[in-house]
Amino acid sequence: TITIIFFAILLFSAIAFAQGVEITREYPHEIIEGSQLDITINLKNTENAYKNIQIYEKIEDDAEAVYPTFAESIIVGFGVSERRFSWNISLNPFEQKQIRYSVRVKKIESYNMFPTRMMINDAIYFADSGLIDVKCLANSFCEEWENSYNCPQDCAKNNIECLKDDDCG
């Protein structure tokens with residue numbers, strides 16, 4: 001079974017245990033739209049045994065892969081595809097390793113952190129999931145994806161650029 005403990009200070013983090021492997025994922029709880037989101041996955045082998053682990057991180061379709069620069073696209077069933085990063089990690093007894101990746105978030109609202117998927121000895125485990133609040137970049141321009149609801153700083157109801165927002169009045 002997987003035990004998940006959530007805590008938040010400046011970063012969200014959760015711990016999952018699976019077959020002697022502890023996995024945590026750290027990320028900020030909010031970012032500014034268009035900025036780079038940096039995620040760290042920490043792996044720790046808690047047993048006196050060698051572990052070979054496959055890690056999969058699904059990313060949202062509208063996120064841009066920054067590092068690594070390529071996210072594979074796979075068909076998961078019924079013609080539905082997903083974009084993800086994947087790693088094959090080997091851990092010696094009691095060894096710890098980190099994986100870091102970055103995406104650029106292009107939309108305002110929230111970024112869905114899909115559960116980390118980990119495969120050990122043909123068994124699949126899921127770690128934490130979460131949401132990151134994506135805030136408006138207040139730059140005095142009402143951008144194409146902004147409106148008076150998600151970015152009132154740039155798209156005030158009396159702003160001429162706000163005419164594209166039907167409810168802007």
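Residues Leu43 and Ile55 are in side-chain contact: their nearest non-hydrogen atoms beyond the backbone lie under 4.5 Å apart. The closest side-chain heavy-atom distance from Glu57 to Ile99 is not below 4.5 Å. Side-chain contact between Val134 and Glu109 is absent, with no heavy atoms from C-beta onward closer than 4.5 Å. Counting only heavy atoms from C-beta outward, the side chains of Leu131 and Asn112 approach each other to under 4.5 Å. At a threshold of 4.5 Å between non-hydrogen side-chain atoms, the residues Val105 and Glu33 do not count as touching. When side chains are defined from C-beta on, Asn42 does not count as touching Gln96, because their heavy atoms never get closer than 4.5 Å. Residues Asn45 and Asn92 form no side-chain contact, since every pair of their non-hydrogen atoms from C-beta on lies 4.5 Å or further apart.
Annotation: the span from Cys142 atom SG to Gln153 atom CD amounts to 11.0 Å, rounded to 0.5 Å. Here OH of Tyr125 is found 11.0 Å from CD1 of Ile53. Values are rounded to the nearest 0.5 Å. Note that the CD1 atom of Ile41 and the CD atom of Glu26 stand 10.5 Å from one another [nearest 0.5 Å]. Note: Gln98 CD to Ile89 CD1 = 11.0 Å, rounded to the nearest 0.5 Å. Expressed to the nearest 0.5 Å, how far CG of Asn147 lies from CG of Asp154 amounts to 11.0 Å. Between the CD1 atom in Ile124 and the CE atom in Met118 there is a gap of 11.0 Å [rounded to 0.5 Å].
Counting all heavy atoms, side chain and backbone alike, Ile31 lies closest to Ser35 at CB-OG, 3.7 Å. Residue Glu60 comes nearest to Ser110 through the heavy atom pair OE2-O, 4.2 Å, listed as atom of the first residue, atom of the second, then distance. Smallest separation of non-hydrogen atoms from Val103 and Ile59: CG1-CG2, 4.1 Å. Taking each heavy atom of Arg25 and Ser129 in turn, the nearest pair found is NH2-CA, 3.6 Å. Residues Ser102 and Gln36 approach most closely at OG-NE2, 3.3 Å, considering heavy atoms. Here the closest non-hydrogen pair linking Gly130 and Tyr27 is CA-OH, 3.7 Å.
By the salt bridge (charged side-chain N to carboxylate O under 4.0 Å, His left out) test, Arg100 pairs with no residue at all, sequence neighbours left out. The side chain to side chain donor-acceptor pair (under 3.5 Å) search around Asn121 returns Gln19, not counting sequence neighbours. Phe94 meets the side-chain contact (heavy atoms from CB on, under 4.5 Å) test with Asn48; sequence neighbours excluded.
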Please evaluate residues Ile74 and Glu82 with respect to the criterion side-chain contact (heavy atoms from CB on, under 4.5 Å), reporting the C-alpha separation (whole Å), side-chain torsions for both, the decisive distance (0.1 Å), and the verdict. CA-CA 6 Å; Ile74 62 162; Glu82 72 178 30; 3.8 Å; yes

Start with the C-alpha distance between Glu143 and Leu137, add both sets of side-chain angles, then the distance that settles side-chain contact (heavy atoms from CB on, under 4.5 Å), and finish with yes or no. CA-CA 10 Å; Glu143 309 287 348; Leu137 172 62; over 6 Å; no

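Residue pairs meeting the salt bridge (charged side-chain N to carboxylate O under 4.0 Å, His left out) criterion with at least one partner in residues 35-50, sequence neighbours excluded, are Glu47-Lys51. Residue pairs meeting the disulfide (SG to SG under 2.5 Å) criterion with at least one partner in residues 30-139, sequence neighbours excluded, are Cys136-Cys151. The ring-ring contact (aromatic ring centres under 6.0 Å, His included) pairs that include a residue from residues 100-123 are Phe85-Tyr101, Trp87-Tyr101, where partners are two or more places apart or lie in different chains.
Thr46 contributes a side-chain N or O that, together with a main-chain N or O of Gly20, makes up a donor-acceptor pair within less than 3.5 Å. For the pair Arg83 (side chain) and Ala63 (backbone), a donor-acceptor distance under 3.5 Å is present.
Counted within 6.0 Å of NZ on Lys135, heavy atoms from surrounding residues, nucleotides or ligands total 12 or fewer; the atom is thus considered open.
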